[in-house]
Amino acid sequence: MKKIHTLGDQFDQIVRGRIHADDFGQPQVADLDYYKRIASSQISGAIKAILNATNQYEFTTAIVQANSFITAASDYDFIDSAEKANWLNQVANAMRAQRIGESA
């Protein structure tokens, strides 16, 4: 019985140490490229959804998604301010293309 209790204490110490670590829940450096790719894919998909919207609901939802993805990617430092400006410009172009028929 004592060995099981000791193993439990050791496991508990490891878990407590990990939970209270300074980098708990933070992406590792190697993961930043992965998250940037995922963020870019989400933003691109939302921009395509703006262009392909067939009604006001789809159009509005796609705009909100694109802006939310851009803001989140910027807040988590997956994209810098120049990339954010580029994405926002693409969203504006897609909106213009959908609303007045200009090419995106």
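We use all heavy atoms of the structure for the numbers below, so side chains are in, but hydrogens, waters and symmetry mates are not. If you're wondering where the values come from, they're calculated on a predicted model, not measured in any experiment.
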Spatial distance of atom [atom1] ([X]) from atom [atom2] ([Y]) [nearest 0.5 Å]:
| X | Y | atom1 | atom2 | result |
| --- | --- | --- | --- | --- |
| Ser41 | Lys36 | OG | NZ | 14.0 Å |
| Thr60 | Met95 | OG1 | CE | 9.0 Å |
| Ile43 | Lys84 | CD1 | NZ | 10.5 Å |

Provide the closest heavy-atom pair for [X] versus [Y] in the form atom of the first, atom of the second, distance.
| X | Y | value |
| --- | --- | --- |
| Asn93 | Arg96 | OD1-NH1, 2.8 Å |
| Ala62 | Ala46 | CB-O, 3.8 Å |
| Ile70 | Ile79 | O-CD1, 3.9 Å |

task: Output yes when a side-chain donor or acceptor of Asn52 lies under 3.5 Å from a complementary backbone atom of Lys48, and no otherwise.
output: yes

- prompt: Quick check: does any side chain N or O of Glu58 sit under 3.5 Å from a backbone N or O of Thr54, one acting as donor and the other as acceptor?
  reply: yes

Ser74 vs Trp87 side-chain heavy atoms within contact, under 4.5 Å: no

task: Please determine, by modelled atom types, if Gln65 and Thr61 share a side-chain donor-acceptor pair under 3.5 angstrom.
output: no

- request: Show your reasoning for whether side chain to side chain contact (heavy atoms under 4.5 Å, CB included) applies to Phe78 and Glu83.
  value: CA-CA 10 Å; Phe78 299 142; Glu83 291 170 309; over 6 Å; no

message: Is there a continuous path of hydrophobic side-chain contacts, each under 4.5 Å between heavy atoms, that joins Ile50 to Val64?
response: no

field: Leu88 vs Asn67, side chain to side chain contact (heavy atoms under 4.5 Å, CB included): CA-CA, chis, key distance, verdict
entry: CA-CA 8 Å; Leu88 290 172; Asn67 287 326; 3.7 Å; yes

